[in-house]
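Remember, it's 1-based here, ligands and their atoms both numbered in the order they're listed. Atom set for the values below is all heavy atoms of this structure, side chains included, hydrogens, waters and symmetry mates excluded.
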Amino acid sequence: MAHRRRQFLSFQRKLILSFVVIFALFTTAVVIFEQMRARRAKAGAMVERLETYAAQVALYAPRPIDSLLPLMPPELRITVMDGAGVVEYDNAIDPALLDNHASRPEVEEALETGVGSDVRTSSSTRLPYLYYAQRGGDGTVVRVAMPYDATVRPFLKADNIFLYLVVALFLLGLYFIYYVGRLFGRAVGQAREREKNRRLKREMTGNIAHELRTPVTSIRGFLEILLENKLDAQKEREYLERAYNQTRNLSELIADMGLLSRIESTPDSFRRERVPLLALVRRVAEDLDVEIRTCIPDGLAAMGNENLLYSIFRNLADNAVKYAGRDAQIDVTAVADGDMVRVNFSDNGPGIDDDKHLGRLFERFYRVNEGRTRDKGGSGLGLSIVKNAVQLHGGHIEARNNNGLEFVFTLPAK
Ligand code: ADP
């Protein structure tokens, strides 16, 4: 179950993660695109402003234009040059210090087409500037420039709102994806659970058919032999006995299946009482006619259904005799442990040769060695009943190898 839950969670996480990645890529693309668009728009707006300044300057040029300066933004740089690119006026730097400007991209463009613009880092101030140049009718080129960043910043503020909007949308989308992912993941989880249950049911039906077929086939075989052959009295009795034993296996199987289904479907139908454990184990030993060594305090009792508690010890003892042999040593110890009683039930038989089987012993119809153990009879449901009965009482059971097979389980003391 824990494993399933983990699998389900990782599935949901994968789903959400892929959605998030797609959405994040999309959002980033939108933001970048919008930034680029805004940048272009800003540059366009700035060029328009520079155009106006340049037109005003051109009205004055090549006359001294210092008187015009107070009307212009202080950060505006103005350069006037002749048709050959020789600087005649500059409001920031002495023209004598400036080289020929004909090869500046915006000037080159203006000389060719009439107007030109360029964004680049100014070699004198190290700041990005937007340059705009225009050629007048007489060949004079007026160039104006502004720090690009200074003008862009106010625009960016307005655009932050757009950015916030996108982030909000992103968060909203994230929540939506998470929500849808959970719904979807849950639906998938449920579908998987249903499919697993269907498979288990199919397997169980197959198992039951298989378990019934075995004794029925052999009973039929024995009866056919008896009907079709004239056998001596001794042989006849032998076959009848064998057929009879198989019918006993069959009724044991059917009784076990009935008990299991009652434990599962109506667990409340088992009346509980105080069951002294020492007496219970002694009764099992007597019924089976085996010796069981006990180490159980006299007054120790479990609170449970007597028949089910009997089944637990009876099945474990049956198995010990079956798999460890009649002469095997069987030990049962029980101690009070808080509200519970802890029981150790062990034999000194061969145990389970591979630990990987230990956890599966309690599964229905699970046999460690299919062929060999089936010969010993047994429905294959014994340990499954034991585990279900322990769990019905709120206890827990485990099997381990300890010089034989040992079961450790708990039962309620109150
Ligand atoms: P079965 O009817 O086959 O005994 P159980 O559910 O009682 O079915 O036991 C499941 C399997 O566990 C058995 O087939 C056997 O292989 C193994 N097993 C159970 N008890 C013992 C034991 N005391 N020693 C060794 N193997 C055991």
Find all atoms of ligand 1 within a distance of less than 4.0 Å from any non-hydrogen atom belonging to [X], and give their numbers and elements.
{"X": "Lys322", "value": "1 (P), 2 (O), 4 (O)"}
{"X": "Gly382", "value": "5 (P), 6 (O), 7 (O)"}
{"X": "Tyr366", "value": "10 (C), 11 (C)"}

Per the side chain to side chain donor-acceptor pair (under 3.5 Å) rule, what does the pair list look like for residues 251-260, sequence neighbours excluded? Asp256-Ser379
Any atom of ligand 1 sitting under 4.0 Å from a heavy atom of [X]?
{"X": "Ser379", "answer": "yes"}
{"X": "Leu361", "answer": "yes"}
{"X": "His357", "answer": "no"}
{"X": "Gly351", "answer": "yes"}

With no hydrogens and no angle check, just 3.5 Å: does a side-chain donor-acceptor pair link Thr294 and Arg282? no
For a quick check under 3.5 Å, do Asp287 and Tyr310 share a side-chain donor-acceptor pair by atom type? yes
Any N or O on Gly380 sitting closer than 3.5 Å to an N or O of ligand 1? yes
N or O pair under 3.5 Å between Ile352 and ligand 1: no
In short, ring pair (Phe, Tyr, Trp, His ring centres under 6.0 Å) pairs touching residues 217-274 with sequence neighbours left out are Phe222-Tyr239
